[in-house]
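Working notes, beginning with the structure itself.
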Amino acid sequence: MNARVDTSVLSQLSNRHLDALEEETIFILREVAAAFERPALLFSGGKDSLVMLRCAEKAFGAGRIPYPLLMIDTGHNFPEVTDFRDQRAKELGAELIVRSVEDSMARGTVRLAHPGESRNVHQSVTLLEAIEEFRFDALIGGARRDEEKARAKERIFSHRDSFGQWQPKAQRPELWTLFNTRIAPGEHFRVFPISNWTELDVWQYIARENIALPSIYYTHKRDVVERKGLLVPVTHLTPPRDGEQIVVRDVRFRTVGDITCTCPVESTAASAEDIVIETLAAEVSERGATRMDDKTSEASMEKRKKDGYF
């Protein structure tokens with residue numbers, strides 16, 4: 001993220017398209033409220049879910065969002081993000097439901113191959129357990145098509161079978177913004193209202209709407225080690241390996257997730273406007289630049305989605 005773009009470009013960059021994106025997102029959020037009995041909005045405290053939350057406020061009015069917020073917590077999330085999540089939910093007066101991978105481990109439904117294994121992929125189990133517990137029939141998420149190849153295949157209203165599985169070849173047509181929301185008992189939908197947004201759109205919207213974010217989205221100094229082309233944060237969960245040298249860098253997080261698989265990028269961007277400028281020069285998607293778990297194979301995300309991952 002060290003490439004520079006002339007700051008004068010910012011004044012020439014149009015954001016008029018954001019109105020159309022916002023309007024589409026509001027329409028989808030209202031469709032979910034009308035079509036389903038027990039929907040929930042996945043809320044991690046990350047930038048995409050905060051953008052959706054702002055659109056939900058506009059769709060229904062402050063303090064009147066008609067579905068609960070749901071967070072699947074691995075127990076290894078950045079504290080800056082979970083603290084911000086709790087604060088924002090309290091400000092909105094929204095119902096916040098948190099279900100933990102650690103609880104699934106205690107029940108024996110999640111078993112780690114070894115103590116140091118990332119819990120990120122195991123969120124699928126806890127999510128499916130939450131769906132069964134609350135009988136959710138639609139889950140609203142902040143995934144975008146520009147993030148990763150498997151997500152680019154996803155419909156806005158993505159049908160899941162009674163096992164929570166996604167079948168790419170069995171997706172329903174979405175012609176003329178008409179959505180087939182029929183489900184059989186035990187099935188549900190994953191809904192992606194910001195599918196058509198890009199990372200640049202998200203940051204332009206954050207700048208325009210002055211949306212508050214967790215501090216780690218902006219530049220800060222952090223101990224890191226270089227590993228496989230990524231900057232790995234040095235924490236008790238991700239200690240340096242033999243031969244690795246700890247260095248202090250000015251970094252920010254383009255996306256936030258489980259500490260064990262989420263990496264920052266080098267950056268001095270201290271505002272949303274600064275990040276808009278950086279994003280214009282980015283050559284690698286945010287997941288490609290920051291997520292260790294997506295580098296295992298070209299099909300890793302698609303396999304996880306078929307197994308129930310969001």
Side-chain angles (χ1 to χ4, degrees), residues 17-72 85 88-89 91-99 127-145 151 153-168 170-197 201-202 205 209 211 305 308 310:
H17 67 293
L18 295 179
D19 291 332
L21 290 172
E22 179 189 72
E23 182 180 345
E24 178 186 55
T25 298
I26 288 173
F27 170 73
I28 293 165
L29 289 168
R30 288 173 174 167
E31 280 288 296
V32 172
F36 297 97
E37 294 182 11
R38 293 174 297 277
L41 191 153
L42 284 177
F43 180 61
S44 66
K47 69 180 189 306
D48 296 318
S49 59
L50 285 162
V51 163
M52 281 204 307
L53 207 56
R54 174 58 57 87
C55 291
E57 288 183 84
K58 292 189 176 187
F60 305 107
R64 300 182 62 185
I65 298 173
Y67 20 72
L69 311 182
L70 173 65
M71 165 67 168
I72 304 301
R85 172 203 70 192
R88 192 72 187 99
E91 290 171 353
L92 286 171
E95 179 186 1
L96 175 64
I97 299 170
V98 178
R99 289 297 179 265
L127 178 61
L128 293 174
E129 289 173 344
I131 291 170
E132 183 176 2
E133 178 184 355
F134 295 97
R135 297 187 299 135
F136 291 131
D137 52 4
L139 292 176
I140 308 164
R144 308 186 321 270
R145 290 183 177 131
R151 287 181 169 171
K153 299 178 182 180
E154 195 99 57
R155 296 284 194 266
I156 293 175
F157 281 72
S158 179
H159 176 263
R160 302 297 171 109
D161 64 22
S162 58
F163 297 99
Q165 296 176 320
W166 173 61
Q167 300 298 336
Q171 294 188 89
R172 299 175 180 181
E174 293 181 341
L175 305 175
W176 306 292
T177 323
L178 296 174
F179 304 110
N180 180 351
T181 59
R182 289 177 297 178
I183 52 174
E187 298 177 344
H188 69 278
F189 272 88
R190 310 283 173 91
V191 184
F192 305 103
I194 63 170
S195 285
N196 293 326
W197 298 50
D201 296 330
V202 167
Y205 190 76
E209 299 290 315
I211 297 174
K305 287 179 73 65
F310 210 91

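Here side chain to side chain donor-acceptor pair (under 3.5 Å) pairs that include residues 56-67, with residues two or more places apart or in two chains, are Glu22-Lys58, Glu57-Arg88, Lys58-Glu209. Applying the ring pair (Phe, Tyr, Trp, His ring centres under 6.0 Å) test to pairs two or more places apart or on separate chains, those with a residue in residues 17-46 are Phe36-Phe189.
For the atom pair CG of Leu53 and CD1 of Ile211, the computed distance is 9.0 Å after rounding to the nearest 0.5 Å. With values rounded to the nearest 0.5 angstrom, Glu95 atom CD is found 12.5 Å from Leu41 atom CG. Note that CZ of Arg54 and CG of Leu92 are 9.0 Å apart. Values are rounded to the nearest 0.5 Å. Atom CG of residue Leu42 and atom CG of residue Leu139 lie 5.0 Å apart, to the nearest 0.5 angstrom. Rounding to the nearest 0.5 Å places CD of Glu174 at 5.0 Å from CD1 of Ile156.
Closest non-hydrogen pair, Ile97 versus Phe136, comes out as CD1-CZ, 4.1 Å. The shortest heavy-atom contact between Pro68 and Pro39 is CD-O, 3.4 Å. Nearest approach of Gly45 to Leu50, heavy atoms of both residues: O-CD1, 3.4 Å. Scanning all heavy atoms of the two residues, the minimum distance from Val32 to Ala138 falls at CG1-CB, 4.3 Å.
Every residue meeting the side chain to side chain contact (heavy atoms under 4.5 Å, CB included) condition with Ala35, not counting sequence neighbours, appears here in chain and number order: Thr181. Evaluation of the side-chain hydrogen bond (donor to acceptor under 3.5 Å, both in side chains) rule for Asn196 yields Glu24, Arg145 as partners, not counting sequence neighbours. With sequence neighbours excluded, the residues satisfying salt bridge (Lys or Arg N to Asp or Glu O under 4.0 Å) with Glu133 are Arg99. Scored by the side chain to side chain contact (heavy atoms under 4.5 Å, CB included) test, Thr25 finds Leu29, Cys55, Pro193, Ile194, Trp197 as partners (sequence neighbours excluded).
Test Glu187, Arg190, Gln167 against Arg160 for side chain to side chain contact (heavy atoms under 4.5 Å, CB included) and you get one pass: Arg190.
The shortest distance between side-chain heavy atoms of Arg144 and Asp201 does not fall below 4.5 Å. Taking the side chain as every heavy atom from C-beta outward, Phe163 and Leu128 never approach each other to under 4.5 Å. Under the 4.5 Å side-chain criterion, counting only non-hydrogen atoms from C-beta, Ile28 is not in contact with Phe192.
Counting heavy-atom neighbours within 6.0 Å of Glu91 CD, excluding the residue itself, gives a total above 12. Around atom CZ of Arg135, no more than 12 heavy atoms belonging to other residues, nucleotides or ligands sit under 6.0 Å away.
Judged by distance alone, with hydrogens and angles left aside, the side-chain atoms of Arg155 form a donor-acceptor pair with the main-chain N or O of Arg172 at under 3.5 Å.
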